[in-house]
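As structure tokens, the structure follows; a few thoughts come after it.
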Amino acid sequence: MNCVLKNKEAFCAEVMPLYLSKLEDIERQLVQLNQIKLNLQQRIASIQQEQIESE
């Protein structure tokens, strides 16, 4: 890991797996966040629809 800290352009074989692992973590988080977003959008739409129907 020292090669990355000493030289930004340097490549370390030990760094790539860390980058790939972090990328996978972020991808999983994005999937979860998108599901939360979708659920929230559906809940908001449902509430708005109920408000329209009750008017």
Check: Q35/N39 side-chain N/O donor and acceptor closer than 3.5 Å: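 Judged by distance alone, the side chains do pair up.
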Set of residues satisfying side chain to side chain contact (heavy atoms under 4.5 Å, CB included) with respect to E55, sequence neighbours excluded: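 None.
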Over 12 non-hydrogen atoms of neighbours within 6.0 angstrom of CZ in R28: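 Above 12, so yes.
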K37 vs L33 side-chain heavy atoms within contact, under 4.5 Å: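 Not in contact.
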Measuring from atom [atom1] of [X] to atom [atom2] of [Y], what distance do you get when rounded to the nearest 0.5 angstrom?
X   : Y   : atom1 : atom2 : result
D25 : E27 : CG    : CD    : 10.5 Å
Q29 : K22 : CD    : NZ    : 6.0 Å
Q42 : L40 : CD    : CG    : 10.0 Å

Intermediate values then yes/no, side-chain contact (heavy atoms from CB on, under 4.5 Å), Q41 and L38: CA-CA 5 Å; Q41 288 172 326; L38 178 60; 4.3 Å; yes
Donor-acceptor pair, side chain of S54 and main chain of E50, under 3.5 angstrom: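 Yes, because the side chain of S54 sits within donor-acceptor range (under 3.5 Å) of the backbone of E50.
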